[in-house]
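Both backbone and side-chain heavy atoms feed into the values below; hydrogens, waters and symmetry mates do not.
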Amino acid sequence: MVTALDIFSGFSVDDIDAARDFYRATLGLDVGDGPMGNLDIALPGGSHVFVYPKPNHEPASFTILNLVVADIDAAVDELNTKGVVTKIYDDADFPTDAKGIARGKAAGQGPDIAWFRDPAGNVLSVLQN
């Protein structure tokens, strides 16, 4: 068995400066500069995410970060005001409303959730349990 002293996740971006600005200014997260040209995102629960530049970066097609919010409508409105597009999926089996929110809670299909992309094309979400 592996005895982990700490655990963190990481993902790549193609432009570390754009990522720093997006995660710090647009999402309001605590973003620090790492020693290897990377970013360190401090999460509210005390964990950290390692963000590193990769010249041949390919965007993650899956959700890399889920931001839990108290009011999904307010969060989506704020993101949209900052130029973030939340309606990135158009799937008849998992429909979203005009704001791009999949209203799963009322249908008993999970939380209300909206997906969006960071400047590198990685998928993120805001969700309300």
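Following chains of ILVMFWY side-chain contacts shorter than 4.5 Å, one cannot reach Ile7 starting from Ile64, and the two form parts of different hydrophobic clusters. The cluster map of Ile, Leu, Val, Met, Phe, Trp and Tyr, joined by side-chain heavy atoms under 4.5 Å apart, puts Leu29 and Leu124 in the same cluster. Note on Val68: it does not cluster hydrophobically with Ile72, by side-chain heavy-atom contacts below 4.5 Å among ILVMFWY residues. Neither Ile41 nor Phe8 shares a network with the other; the hydrophobic side chains, linked directly or stepwise wherever heavy atoms of I, L, V, M, F, W or Y lie under 4.5 Å apart, form separate groups for each. Linking Ile, Leu, Val, Met, Phe, Trp and Tyr residues whenever their side-chain heavy atoms come within less than 4.5 Å leaves Val49 and Val123 in two separate clusters.
A pairwise comparison of heavy atoms in Ala114 and Val76 identifies CB-CG2, 3.7 Å as the closest pair. Across every non-hydrogen atom of Ala120 and Pro59, the tightest pair is O-CG, 3.2 Å. The minimum heavy-atom distance between Pro119 and Asp14, with the atom names listed, is O-OD1, 4.5 Å.
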* Asked: Where do Arg20 and Asp33 land on the salt bridge (charged side-chain N to carboxylate O under 4.0 Å, His left out) test, with the steps shown first?
  -> CA-CA 8 Å; Arg20 180 186 304 104; Asp33 292 312; 2.8 Å; yes
* **Verdict with supporting geometry, Leu127 and Val69, side-chain contact (heavy atoms from CB on, under 4.5 Å)** => CA-CA 6 Å; Leu127 64 93; Val69 297; over 6 Å; no
* **Chi angles and distances behind the side-chain contact (heavy atoms from CB on, under 4.5 Å) call for Asn122, Phe62** => CA-CA 8 Å; Asn122 296 311; Phe62 52 87; over 6 Å; no
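Interatomic distance, Ser125 OG to Ile88 CD1, rounded to the nearest 0.5 Å: 9.5 Å. A distance of 8.0 Å separates CG of Asp30 from CG of Asp40, quoted to the nearest 0.5 Å. Note that CZ of Phe22 and CG of Asp17 are 15.0 Å apart. Values are rounded to the nearest 0.5 Å. Considering CG of Asp118 and OH of Tyr23, their distance stands at 3.5 Å, rounded to 0.5 Å.
For residues 60-79, every residue pair satisfying the salt bridge (Lys or Arg N to Asp or Glu O under 4.0 Å) rule, not counting sequence neighbours, is listed here: Asp73-Lys99, Asp73-Arg103, Asp77-Lys99, Glu78-Lys82.
With His57 contributing its side chain and Ser12 its backbone, the two residues share a donor-acceptor pair below 3.5 Å. Remark: side-chain polar atoms of Gln128 are not paired, donor with acceptor, to backbone N or O of Asp112 under 3.5 angstrom.
Classified by interplanar angle (parallel below 30°, tilted 30° to 60°, perpendicular above 60°), the ring pair Trp115/Tyr89 is perpendicular.
Using a 4.5 Å cut-off on side-chain heavy atoms (C-beta onward), Leu79 and Val126 make contact. Side-chain contact between Asp15 and Val13 is absent, with no heavy atoms from C-beta onward closer than 4.5 Å.
In summary, the side chains of Asn80 and Thr86 do present a donor paired with an acceptor at a separation below 3.5 Å, with no hydrogens or angles considered.
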